[in-house]
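Lettering follows sequence order; numbering is per chain, from 1. Nothing here was measured: the structure is a model prediction, and the numbers come from that model. Only heavy atoms go into these numbers, but all of them, side chains included; no hydrogens, no water, no symmetry mates.
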Amino acid sequence: MTSNAEAAEIFRSIADLLDLLGEKFKPEAYRRASRSIESLTEDLGAVAARGELRSIPGVGEAIAEKIEEYLRTGAVGYYDRLKREIPPGVVELMRLPGLGPKTARRFWVELGVEGPTELKDAIAAGRLVGVKGFGAKKIDQIRSALDTTAPGAGGGRRPLEEVYPIARELVRALRAPNRADRVEVAGSFRRARESVGDLDILVTTQDPARAFDTFTAHPLVGEVKMRGDTKETVLLKGGLQVDLRVVRPDEFGAALQYFTGSKDHNVRLRSLARERGLKVNEYGVYRGEEKVAGATEEDVYASLGLAWIPPELREDRGEIEAAARGTVPTLVTEPDLRGDLHVHLAPEAGPDAVDRLVAGAQKRGLAYLAVVVAEVAPDGSLSRLPERTLERLRKYASGAVTVLPAVEVGLGPLPSGLEVGPADVRIVRPTAASPTLPDPVPPSLRTDLIAHVGTTVASDAGALARWVDTAQRSGAAVEVGPGVERLDSTAARKAREAGIPLHLPTGLGGAPDDPTGAVAVGFARRAGASATDVVNARERARVRAPASGSSRGPKR
DNA sequence: GCCGTTTTCGGCCCGACTGTTTTCAGTCG
């Protein structure tokens with residue numbers, strides 16, 4: 001069984017191995033191809049079948065051949081040969097913080113060290129002392145890298161929803177009076193990537209030292225890794241790395257653009273600049289010595305003849321061409337949301353929880369909420385909200401915020417004898433017994449929303465395809481957002497391209513600081529969704545998908 | 001290895017920071 005994820009992994013590994021062989025440009029070429037394959041919304045096999053592998057950015061003749069080989073045999077001979085040549089432990093050495101391919105290779109070739117354990121022994125035996133390029137400090141640094149990085153400590157990428165509250169808190173602290181003037185989080189956080197490796201925070205301030213001090217003193221901060229005049233790197237107590245950079249106000253836009261990335265996007269931007277006799281760096285856009293832009297991102301893009309591009313689209317997937325043509329879509333924003341079709345109250349929640357929910361919705365400017373009043377669990381048992389709570393919900397059947405009763409059931413027929421009762425919104429979730437709807441969809445299975453997909457759809461192209469198909473045939477929306485039960489941005493893009501409306505949860509009903517809503521909007525924007533693609537950005541009266549075609553249920 | 005309204009060959013982002021250097025190499029983002 002082949003998969004895009006596995007192919008991407010193979011090419012990333014090839015890049016690492018080529019790094020260790022001292023190759024200059026090949027590693028980046030393989031990494032670029034790897035990233036492209038990873039973000040593909042389609043199965044590699046399908047692209048290959050159409051003979052369009054080389055239309056994937058970064059895939060040329062040689063890599064296309066290797067993809068074909070992988071699809072045919074499940075392996076890549078070139079990769080297997082490289083693996084035989086280089087001990088796996090050397091790759092681990094290269095990944096240690098502060099070490100890179102050059103150093104790892106030297107340990108291997110000059111000292112015969114083939115992995116972290118051997119390196120530890122070599123240091124303990126004093127074999128690094130006197131080796132050119134390794135002073136006492138460097139040896140210390142390597143020793144502590146070996147100790148701290150041992151069993152998956154700290155490092156690694158984290159889910160966006162986990163990092164979100166941390167980022168919000170650090171920004172709040174830095175924005176406090178007399179600290180920093182402008183504060184923005186850049187990097188993959190700003191692009192709303194599903195996972196974030198570290199946080200890049202940019203500030204403008206008259207007093208960098210003071211900003212660094214404020215930052216260092218924050219309770220979340222564990223240790224300071226590095227501090228220069230314009231940049232400080234810290235490790236939070238949870239292990240997350242945060243870079244704080246001070247930039248000049250007239251360079252803020254250029255810096256924000258630069259540190260937001262993505263790398264592929266920036267590379268394309270710079271080559272576009274070169275074609276036009278311009279140079280882009282983190283300080284501005286230059287024509288020779290003359291600076292032509294830099295204070296705002298809009299200026300930076302405009303100086304290159306481009307419309308401003310939302311961060312979530314900056315992945316070099318055609319957004320630069322769209323910006324040149326002036327066809328960048330207007331992406332959905334949180335204020336576009338008019339309601340939420342999928343709110344769960346805790347079973348024990350009383351009437352007061354309803355009041356709080358409605359108040360929260362009103363504060364967010366929402367006009368309607370569909371609250372699940374009856375739910376059929378996977379084991380076929382039915383649970384309902386208590387009558388007192390239902391009564392309170394009915395009180396809000398009309399008003400500034402309209403509360404609609406929703407039922408949630410598994411895909412497929414209800415267990416016999418079960419009656420969930422009337423509902424305005426019908427939510428279904430796939431079950432092991434019925435992963436998809438029958439075709440044609442019987443009228444009794446009319447569905448507004450498919451939710452709780454419950455598996456990592458993103459990594460299983462087959463499951464995603466079945467799901468998209470089910471949504472298409474039933475006229476239902478699909479739910480996008482954080483967590484394994486919702487679609488990530490890649491899956492959401494695929495659903496959107498298939499014309500399926502997206503539902504964005506607001507996080508109402510959860511904790512007050514629940515990042516679900518913000519993250520869901522971020523994912524939808526990464527998927528290229530406009531407000532018109534989002535079912536709960538519609539007015540209440542237009543939420544229900546219009547009945548069309550014989551396979552759809554009646555409006556009710 | 002990829003890529004091209006200046007190129008099918010000759011480029012490939014570039015600056016900050018660290019450590020070990022006596023003028024720079026390696027790493028990182």
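- If you check every strand for non-hydrogen atoms under 4.0 Å, A:Arg32 touches nothing.
- Between A:Ser3 and A:Glu6, the shortest heavy-atom contact is OG-N, 3.0 Å.
- Looking at heavy-atom distances under 4.0 Å, A:Phe11 makes no contact with the nucleic acid at all.
- Residue pairs satisfying the side chain to side chain donor-acceptor pair (under 3.5 Å) criterion with at least one member in residues 215-226 of chain A, sequence neighbours excluded, are listed as follows: A:Glu169-A:His218, A:Thr216-A:Glu232, A:Lys225-A:Gln241.
- Shortest non-hydrogen contact noted between A:Glu161 and A:Pro515 is O-CG, 3.4 Å.
- A:Glu61 comes within 4.0 angstrom of sugar-phosphate atoms only, judged by non-hydrogen atoms across all strands, and of no base.
- Backbone-only engagement by A:Tyr283 is indicated by non-hydrogen atom pairs under 4.0 Å involving sugar-phosphate atoms exclusively.
- The pairing partner recorded for B:dT8 is none, the criterion being a Watson-Crick or G-U wobble arrangement whose two distances lie under 3.5 angstrom.
- Distance noted for atom C1' between B:dT21 and B:dG26: 12 Å (whole Å).
- B:dT20 and B:dC14 have their C1' atoms separated by 22 Å, with the value rounded to a whole Å.
- Atom name P, nucleotides B:dT5 and B:dG1: the rounded distance is 23 Å, in whole Å.
- A:Lys26 comes within 4.0 angstrom of a nucleotide base, judged by non-hydrogen atoms across all strands.
- Within 4.0 Å of A:Gln241, counting heavy atoms only, lie sugar-phosphate atoms of the nucleic acid but no base atom.
- When all heavy atoms are compared, the tightest approach of A:Val285 to A:Leu304 is CG1-CD2, 4.4 Å.
- Looking at A:Asp43, its side chain never comes within 3.5 Å of a backbone N or O of A:Asn4 through a donor-acceptor pair.
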Could you list the donor-acceptor pairs under 3.5 angstrom formed by side chains in residues 320-327 of chain A, with sequence neighbours left out?
{"unit_1": "A:Glu321", "atom_1": "OE2", "unit_2": "A:Arg268", "atom_2": "NH1", "d": "3.1"}
{"unit_1": "A:Glu321", "atom_1": "OE2", "unit_2": "A:Arg268", "atom_2": "NH2", "d": "3.1"}
{"unit_1": "A:Thr327", "atom_1": "OG1", "unit_2": "A:Ala322", "atom_2": "O", "d": "3.4"}

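- Residue contacts for A:Ala273: at a heavy-atom cut-off of 4.0 Å it reaches no nucleic acid atom on any strand shown.
- Looking at heavy-atom distances under 4.0 Å, A:Thr233 makes no contact with the nucleic acid at all.
- Contact detail for A:Ala529 and A:Arg496: the closest heavy-atom pair is CA-CD, 3.6 Å.
- Using a 4.0 Å heavy-atom criterion, one finds that A:Lys24 contacts no nucleic acid atom at all.
- Heavy atoms of A:Glu282 sit under 4.0 angstrom from primed sugar atoms or phosphate atoms, though from no base atom.
- Within the 4.0 angstrom heavy-atom criterion, only backbone atoms of the sugar-phosphate kind lie near A:Arg227; the bases stay farther away.
- A distance of about 31 Å separates the P atoms of B:dC9 and B:dG15, rounded to the whole Å.
- Residue A:Val280 is classed as having no contact, given no heavy-atom separation below 4.0 Å to the nucleic acid.
- Applying the ring-ring contact (aromatic ring centres under 6.0 Å, His included) rule to pairs touching residues 58-101 of chain A yields nothing, sequence neighbours excluded.
- Counting non-hydrogen atoms under 4.0 angstrom, A:Leu18 reaches nothing in the nucleic acid.
- A gap of 14 Å separates the C1' atoms of B:dC2 and B:dT7, to the nearest Å.
- Along DNA chain B, the nucleotide nearest A:Pro101 and the nucleotide nearest A:Lys225 are compared for position; the residue whose nucleotide lies closer to the 5' end is A:Lys225.
- With hydrogens and angles disregarded, no donor-acceptor distance shorter than 3.5 Å links the side chain of A:Arg525 to the backbone of A:Leu313.
- Ranked by how close their nearest DNA chain B nucleotide is to the 5' end, A:Lys263 and A:Met226 are led by A:Lys263.
- Taking the side-chain hydrogen bond (donor to acceptor under 3.5 Å, both in side chains) definition, one finds that A:Ser195 meets it with A:Arg157, sequence neighbours left out.
- Separation of the C1' atoms belonging to B:dC13 and B:dC3 is 16 Å when rounded to the nearest angstrom.
- Within residues 104-115 of chain A, no residue places a heavy atom under 4.0 Å from DNA chain B.
- Considering A:Glu28, A:Arg31, A:Lys26 as possible partners of A:Asp19, the one that fulfils the side-chain contact (heavy atoms from CB on, under 4.5 Å) test is A:Arg31.
- Using a 4.0 Å heavy-atom distance criterion, A:Asp200 is classed as a sugar-phosphate-only contact.
- Taking a heavy-atom distance under 4.0 Å as the criterion, the stretch of DNA chain B touched by chain A extends 5' to 3' from B:dG1 to B:dG29.
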